[in-house]
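Here the structure is laid out as C-alpha coordinates; the discussion comes afterwards.
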Amino acid sequence: MHMIRRLVIWFWRAWPVLVMSALAHAHWFALVRFPGETVLVNKLTGTAMQVVGGLIVLYSIDSNLGLFRNQSLAATVIAWIRACPIFARSITLSADCTVSCNASASMSATVIRAATTIEERLAALESRIEELRSEVAIQHRAIHSRIEDVRSELSSSIASNQSALRKFSEQVERATVGGFKQQAFGVMLVIYGAITSVFA
(Lines give C-alpha, C1' and ligand atoms only; values in the text may rest on other atoms or scores of the structure.)
Protein backbone atom coordinates (compact mmCIF):
# COMPACT_ATOMS: atom_id res chain seq x y z
CA MET A 1 0.00 0.00 0.00
CA HIS A 2 2.85 2.34 0.88
CA MET A 3 4.54 1.61 -2.47
CA ILE A 4 1.31 2.42 -4.38
CA ARG A 5 1.05 5.76 -2.57
CA ARG A 6 4.67 6.57 -3.42
CA LEU A 7 4.07 5.60 -7.06
CA VAL A 8 1.00 7.86 -7.24
CA ILE A 9 2.98 10.77 -5.79
CA TRP A 10 5.84 10.05 -8.22
CA PHE A 11 3.45 9.98 -11.21
CA TRP A 12 1.68 13.16 -10.08
CA ARG A 13 4.98 15.08 -10.14
CA ALA A 14 4.57 15.00 -13.94
CA TRP A 15 1.00 16.37 -13.76
CA PRO A 16 1.38 18.77 -16.72
CA VAL A 17 2.16 15.84 -19.06
CA LEU A 18 -0.61 13.69 -17.53
CA VAL A 19 -3.22 16.45 -17.86
CA MET A 20 -2.09 17.22 -21.44
CA SER A 21 -2.43 13.53 -22.25
CA ALA A 22 -5.96 13.48 -20.78
CA LEU A 23 -6.90 16.61 -22.78
CA ALA A 24 -5.48 15.09 -25.99
CA HIS A 25 -7.57 11.96 -25.37
CA ALA A 26 -10.67 14.11 -24.77
CA HIS A 27 -9.96 15.93 -28.05
CA TRP A 28 -9.54 12.64 -29.89
CA PHE A 29 -12.77 11.32 -28.31
CA ALA A 30 -14.64 14.46 -29.48
CA LEU A 31 -13.29 13.97 -33.02
CA VAL A 32 -14.41 10.31 -33.02
CA ARG A 33 -17.81 11.18 -31.51
CA PHE A 34 -18.50 13.99 -34.02
CA PRO A 35 -16.74 12.93 -37.25
CA GLY A 36 -18.70 15.38 -39.39
CA GLU A 37 -17.75 18.37 -37.20
CA THR A 38 -13.95 18.01 -37.32
CA VAL A 39 -13.34 21.69 -38.20
CA LEU A 40 -15.64 22.96 -35.44
CA VAL A 41 -14.15 20.59 -32.82
CA ASN A 42 -10.60 21.65 -33.78
CA LYS A 43 -11.54 25.35 -33.70
CA LEU A 44 -13.21 25.10 -30.30
CA THR A 45 -10.40 22.96 -28.86
CA GLY A 46 -7.66 25.23 -30.24
CA THR A 47 -9.30 28.41 -28.99
CA ALA A 48 -10.07 26.95 -25.54
CA MET A 49 -6.52 25.58 -25.15
CA GLN A 50 -4.90 28.89 -26.12
CA VAL A 51 -7.14 30.95 -23.80
CA VAL A 52 -6.71 28.59 -20.84
CA GLY A 53 -2.95 28.30 -21.46
CA GLY A 54 -2.56 32.07 -21.57
CA LEU A 55 -4.61 32.47 -18.38
CA ILE A 56 -2.48 29.86 -16.57
CA VAL A 57 0.74 31.67 -17.57
CA LEU A 58 -0.77 34.99 -16.41
CA TYR A 59 -1.82 33.39 -13.12
CA SER A 60 1.72 32.10 -12.59
CA ILE A 61 3.18 35.56 -13.30
CA ASP A 62 0.62 37.06 -10.91
CA SER A 63 1.68 34.60 -8.18
CA ASN A 64 5.33 35.56 -8.67
CA LEU A 65 4.44 39.26 -8.43
CA GLY A 66 2.62 38.54 -5.19
CA LEU A 67 5.68 36.75 -3.80
CA PHE A 68 8.13 39.58 -4.38
CA ARG A 69 6.12 42.80 -4.60
CA ASN A 70 3.09 41.87 -2.50
CA GLN A 71 0.76 42.99 -5.25
CA SER A 72 -1.22 41.37 -8.05
CA LEU A 73 -1.49 42.02 -11.77
CA ALA A 74 -4.95 43.51 -11.23
CA ALA A 75 -3.59 45.94 -8.62
CA THR A 76 -0.73 46.88 -10.99
CA VAL A 77 -3.17 47.58 -13.86
CA ILE A 78 -5.46 49.61 -11.57
CA ALA A 79 -2.48 51.64 -10.28
CA TRP A 80 -1.40 52.27 -13.90
CA ILE A 81 -4.90 53.49 -14.84
CA ARG A 82 -5.07 55.75 -11.75
CA ALA A 83 -1.70 57.29 -12.70
CA CYS A 84 -3.18 58.50 -16.01
CA PRO A 85 -2.77 62.30 -16.30
CA ILE A 86 -6.47 62.66 -17.19
CA PHE A 87 -7.51 61.27 -13.80
CA ALA A 88 -4.68 62.88 -11.82
CA ARG A 89 -5.74 65.30 -9.10
CA SER A 90 -3.62 68.08 -7.70
CA ILE A 91 -2.60 67.40 -4.12
CA THR A 92 -1.60 70.08 -1.63
CA LEU A 93 0.60 69.01 1.22
CA SER A 94 1.16 70.98 4.39
CA ALA A 95 3.49 70.04 7.16
CA ASP A 96 4.52 71.40 10.52
CA CYS A 97 7.96 70.74 11.87
CA THR A 98 8.91 70.67 15.52
CA VAL A 99 12.44 70.12 16.67
CA SER A 100 13.34 69.27 20.24
CA CYS A 101 16.68 68.33 21.66
CA ASN A 102 17.40 66.68 24.99
CA ALA A 103 20.89 66.15 26.38
CA SER A 104 22.13 64.80 29.65
CA ALA A 105 25.58 64.43 31.14
CA SER A 106 26.96 63.25 34.43
CA MET A 107 29.69 65.07 36.24
CA SER A 108 31.33 64.79 39.59
CA ALA A 109 33.26 67.45 41.48
CA THR A 110 35.16 67.37 44.71
CA VAL A 111 36.05 70.30 46.87
CA ILE A 112 39.46 69.79 48.41
CA ARG A 113 40.32 71.66 51.54
CA ALA A 114 43.88 72.91 51.67
CA ALA A 115 45.91 70.47 53.75
CA THR A 116 48.55 71.80 56.07
CA THR A 117 50.20 68.70 57.54
CA ILE A 118 51.69 65.64 55.83
CA GLU A 119 49.05 63.39 57.42
CA GLU A 120 46.24 65.57 56.05
CA ARG A 121 47.87 65.55 52.61
CA LEU A 122 48.20 61.74 52.67
CA ALA A 123 44.58 61.40 53.80
CA ALA A 124 43.46 63.75 50.99
CA LEU A 125 45.49 61.77 48.42
CA GLU A 126 44.04 58.46 49.62
CA SER A 127 40.55 59.92 49.50
CA ARG A 128 41.13 61.21 45.97
CA ILE A 129 42.56 57.83 44.86
CA GLU A 130 39.43 56.08 46.22
CA GLU A 131 37.18 58.56 44.37
CA LEU A 132 39.12 57.95 41.13
CA ARG A 133 38.87 54.18 41.63
CA SER A 134 35.12 54.51 42.18
CA GLU A 135 34.73 56.67 39.03
CA VAL A 136 36.80 54.21 36.97
CA ALA A 137 34.68 51.31 38.25
CA ILE A 138 31.45 53.17 37.37
CA GLN A 139 32.73 54.01 33.88
CA HIS A 140 33.94 50.42 33.42
CA ARG A 141 30.48 49.09 34.31
CA ALA A 142 28.82 51.63 31.98
CA ILE A 143 31.13 50.67 29.08
CA HIS A 144 30.60 46.96 29.76
CA SER A 145 26.83 47.48 29.82
CA ARG A 146 26.97 49.39 26.52
CA ILE A 147 29.08 46.63 24.93
CA GLU A 148 26.50 44.05 26.03
CA ASP A 149 23.68 46.20 24.60
CA VAL A 150 25.50 46.53 21.26
CA ARG A 151 26.22 42.78 21.21
CA SER A 152 22.56 42.04 21.88
CA GLU A 153 21.47 44.46 19.12
CA LEU A 154 23.94 42.89 16.67
CA SER A 155 22.77 39.37 17.53
CA SER A 156 19.15 40.42 17.02
CA SER A 157 20.01 42.14 13.74
CA ILE A 158 21.95 39.10 12.47
CA ALA A 159 19.06 36.78 13.39
CA SER A 160 16.61 39.11 11.63
CA ASN A 161 18.80 39.24 8.50
CA GLN A 162 19.16 35.45 8.46
CA SER A 163 15.39 35.08 8.74
CA ALA A 164 14.89 37.58 5.88
CA LEU A 165 17.46 35.72 3.74
CA ARG A 166 15.73 32.39 4.41
CA LYS A 167 12.36 33.90 3.46
CA PHE A 168 13.81 35.44 0.29
CA SER A 169 15.46 32.13 -0.63
CA GLU A 170 12.14 30.31 -0.19
CA GLN A 171 10.39 32.93 -2.35
CA VAL A 172 12.98 32.57 -5.12
CA GLU A 173 12.68 28.78 -4.97
CA ARG A 174 8.88 28.96 -5.08
CA ALA A 175 8.97 31.40 -8.00
CA THR A 176 11.45 29.40 -10.07
CA VAL A 177 10.62 25.78 -9.21
CA GLY A 178 7.02 26.02 -7.99
CA GLY A 179 5.72 28.13 -10.87
CA PHE A 180 7.68 26.30 -13.56
CA LYS A 181 5.20 23.44 -13.95
CA GLN A 182 2.26 25.85 -14.21
CA GLN A 183 4.04 27.95 -16.82
CA ALA A 184 5.16 24.87 -18.76
CA PHE A 185 1.59 23.53 -18.70
CA GLY A 186 0.22 26.87 -19.92
CA VAL A 187 2.76 26.98 -22.75
CA MET A 188 1.94 23.38 -23.71
CA LEU A 189 -1.75 24.27 -23.87
CA VAL A 190 -1.02 27.30 -26.06
CA ILE A 191 1.15 25.22 -28.42
CA TYR A 192 -1.43 22.42 -28.57
CA GLY A 193 -4.16 24.97 -29.27
CA ALA A 194 -2.07 26.61 -32.01
CA ILE A 195 -1.35 23.25 -33.67
CA THR A 196 -5.03 22.23 -33.42
CA SER A 197 -6.08 25.55 -34.98
CA VAL A 198 -3.93 24.83 -38.03
CA PHE A 199 -6.02 21.75 -38.80
CA ALA A 200 -9.29 23.68 -38.42
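The chain is numbered in sequence order, starting from 1.
Partners of I191 under the side chain to side chain contact (heavy atoms under 4.5 Å, CB included) rule, at least two apart in sequence or in another chain, are V187, I195. Under the side chain to side chain contact (heavy atoms under 4.5 Å, CB included) criterion, V17 pairs with no residue, sequence neighbours left out. For the side chain to side chain contact (heavy atoms under 4.5 Å, CB included) test, residues two or more places apart in sequence or in another chain that qualify with L55 are V51.
Here the CZ-CD distance, from R133 to E135, works out to 13.0 Å after rounding to the nearest 0.5 Å. Taken to the nearest 0.5 Å, the CD atom of Q50 stands 11.0 Å off from the OG1 atom of T45.
Transitive grouping of hydrophobic side chains (ILVMFWY, heavy atoms separated by less than 4.5 Å) brings V52 and V19 into a common cluster. The cluster map of Ile, Leu, Val, Met, Phe, Trp and Tyr, joined by side-chain heavy atoms under 4.5 Å apart, puts M49 and I56 in the same cluster.
Closest heavy-atom contact between M20 and L189: SD-CD2, 3.5 Å. When all heavy atoms of P16 and M188 are compared, the pair lying nearest together is CB-CE, 3.5 Å.
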Check: residues 149-160 side-chain donor-acceptor pairs under 3.5 Å, at least two apart:
residue: R151; atom: NH1; partner: E148; partner atom: OE2; Å: 3.0
residue: S155; atom: OG; partner: R151; partner atom: O; Å: 3.0

Do any side-chain atoms of residues 5-15 form donor-acceptor pairs under 3.5 angstrom with protein atoms, and if so which ones, sequence neighbours left out?
none

Got a list of side-chain donor-acceptor pairs under 3.5 Å for residues 22-37, not counting sequence neighbours?
residue: H25; atom: ND1; partner: S21; partner atom: O; Å: 2.7
residue: H27; atom: ND1; partner: Y192; partner atom: OH; Å: 2.9
residue: H27; atom: NE2; partner: N42; partner atom: OD1; Å: 2.8

